[in-house]
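Here is the structure we will look at, set down as structure tokens.
Every heavy atom of this structure was used, including side-chain atoms; hydrogens, water molecules and symmetry mates were not. Naming: A, B, ... by sequence-line order, numbering from 1 per chain. Fair warning: this is a prediction, and the values are worked out from it, not measured in the lab.
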Amino acid sequence: MESIQDIEVIIEAVLFAAGDPVPLDKLAEIIGHDKKTTRAIMTSMSYKYQNSARGIMVREIDNGWQLCTKPEFDEYIAKLGAVRKKQGLTQAAYEVLAIIAYNQPVTKAYIEKIRGVSSDSAISKLIERNLIREAGRDDAPGRPKLYETTEEFLRVFGFSSIKDLPVIQMHEIQEVMENLPLD
Amino acid sequence: MESIQDIEVIIEAVLFAAGDPVPLDKLAEIIGHDKKTTRAIMTSMSYKYQNSARGIMVREIDNGWQLCTKPEFDEYIAKLGAVRKKQGLTQAAYEVLAIIAYNQPVTKAYIEKIRGVSSDSAISKLIERNLIREAGRDDAPGRPKLYETTEEFLRVFGFSSIKDLPVIQMHEIQEVMENLPLD
Amino acid sequence: MKSALTNACTIKLNNFEGPFDLLFYLIEKNKIDIYDIPILEITEQYMEYLDAMQQLDLEIASEFLVMAATLLHIKSRLLLPSKEVTEEEAADPREELILQLVEYKKYKEFSQYLKEREAKWERVHYKLPEPLPQIAFYEELEVSPEVLRDCFVKVMKNYKDRTNDVSRKMDRILNREKVSLRAKVKELLEVLSRGIKICFSKIYNTAVKSRLEVATGFLALLEIVKLGRAKVEQHETFGEIYVFPDGTDDEKVIQ
């Protein structure tokens with residue numbers, strides 16, 4: 001004759017292997033007891049798991065029983081799915097970020113005019129990285145979206161506000177124009 | 001500061017949710033300890049599961065850890081139905097697998113020299129079953145393919161790593177040489 | 001004997017993995033010490049097996065025949081010791097075969113062990129992973145603000161370059177028809193008629209004129225010098241070219 005503990009151990013193995021909830025009938029059949037006894041065992045087992053040093057618990061769902069993790073460990077479990085991604089923005093992303101930082105709020109059309117190339121993927125990447133965000137719409141025809149930098153942007157670059165951006169003397173860009181190599 | 005027991009409980013939840021083996025690195029990152037400490041905790045935890053009234057245990061596979069049911073409860077789990085029996089391997093496949101396990105990475109020519117017969121079909125079967133895989137090419141003339149065992153091999157045969165294989169007395173051959181009755 | 005043997009092996013015949021496997025079967029069946037194989041008996045039994053296989057119309061793999069030849073060779077060497085025995089031949093002719101058999105035995109035993117482990121671990125069950133959200137988290141971005149600034153200056157520079165380039169290209173296209181040597185000679189003579197010394201670059205440079213205009217202007221200058229309507233001076237290579245109309249003095253230079 002199996003002790004209650006023996007039965008509980010069997011049930012742990014069975015519920016683990018099943019993954020999905022196992023109906024009470026099935027459990028009763030497996031351990032060779034009637035449904036009433038099985039239910040009593042399950043209730044007691046559920047209580048024990050809940051109140052002992054276990055990462056998992058027994059849960060009753062729709063007249064069936066299932067093992068699952070205790071909710072308080074969610075944050076640790078979440079780390080399992082966390083994929084560490086190497087930092088670093090592409091050259092395109094830096095350019096788009098620089099244009100937005102110095103001209104915000106700004107439309108995609110403006111960015112693309114300055115860069116001379118399509119900038120959709122760089123913009124989505126920067127949004128995904130939470131370095132820029134949408135900032136309403138321009139009054140121009142078609143009411144294009146405007147983009148601006150975020151608090152995360154300030155944090156990453158160590159600015160307290162947008163006013164902290166390094167100053168660019170207009171002549172720096174002007175000079176560029178004047179120093180054009182005469183080809 | 002978390003006690004060892006707190007950590008073990010977290011690990012139970014994490015391994016349960018993961019299902020698949022969780023690499024030591026990942027576990028260490030999740031519990032916030034170094035790898036050496038984590039390995040010690042895992043070893044102790046594995047021992048505790050093995051020797052207490054649990055239906056499940058912790059097993060090591062290739063520097064990762066996984067929960068699984070203890071083999072003695074198989075008959076109960078079988079009653080759940082839907083337990084798929086795998087197609088068995090041929091004797092030839094076992095022999096090829098044994099040779100690869102001890103000599104990996106190894107060429108087909110080496111395997112066939114030991115077995116005295118062609119081993120193509122056994123090799124393809126083992127690759128199909130994901131028990132072995134190609135592992136680059138040998139430097140020998142013709143640059144023949146090399147074969148090695150997989151993580152699935154460790155899982156199926158219950159090894160925690162290749163180092164876990166029982167030692168075959170290689171000096172046995174030496175003894176043979178010495179004991180040959182030279183008439 | 002033969003028929004009994006034939007019966008005995010009909011069941012196992014197809015199961016032999018190769019000649020070593022068959023030899024092993026014979027060794028175990030006869031309870032022979034693997035290190036001291038009675039070659040005569042074993043060879044005889046081995047040949048009987050092959051014979052039985054043939055009688056049953058089973059295809060005999062070439063490896064079995066190679067082993068048969070090896071056994072017969074060893075047998076002949078044991079039976080007919082050479083009078084002139086070299087050191088190499090003095091060794092037991094069975095040695096190589098025995099080494100191979102011992103090596104094979106090792107793996108055969110291990111494959112048996114693998115089967116047992118598999119049987120045990122087949123009884124172990126796993127759980128499917130819980131659906132976990134894949135969260136990508138990024139490592140800290142470390143960029144100096146100057147990088148952003150430099151990047152912006154570069155982008156703007158490229159932009160100006162590009163737009164400049166575009167407008168100059170446009171000018172060139174528009175000016176193409178207007179540029180002729182005759183027109184430039186006329187233009188230069190008009191300037192020179194004011195009777196003052198001029199710097200060539202003040203009139204013709206690519207910042208204000210197209211390359212074609214500058215080049216044509218230079219050709220026009222050469223033409224005028226050839227006609228004796230002006231003199232030129234250049235103090236260093238690639239230096240400024242000063243153009244003097246005939247009879248002007250140095251003071252009156254266009255700035």
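- Contact residues of residues 20-28 of chain A toward chain B are A/V22, A/K26 (heavy-atom distance under 4.5 Å).
- Scanning residues 55-69 of chain B against chain A with a 4.5 Å non-hydrogen threshold yields B/G55, B/I56, B/L67, B/C68, B/T69, sorted by number.
- From B/E75, atom CD reaches atom CD1 of A/I30 across 11.0 Å, with rounding to the nearest 0.5 Å.
- Interface with chain A: from residues 119-126 of chain B, no residue qualifies, criterion being any non-hydrogen pair under 4.5 Å.
- B/Y76 touches chain A through backbone and side chain together, each having a heavy atom under 4.5 Å away.
- Top candidate by heavy-atom pairs under 4.5 Å with chain B, chosen from A/L80, A/D74, A/I77, is A/L80.
- Taking CD from A/Q5 and CZ from B/R54, the interatomic distance works out to 11.0 Å, rounded to the nearest 0.5 Å.
- Residues of residues 10-18 of chain B lying within less than 4.5 angstrom of chain A, judged on heavy atoms, are B/I10, B/E12, B/A13, B/V14, B/F16, B/A17, B/A18 in numerical order.
- The environment of A/K48 atom NZ is dense: over 12 non-hydrogen atoms of other residues, nucleotides or ligands sit within 6.0 angstrom.
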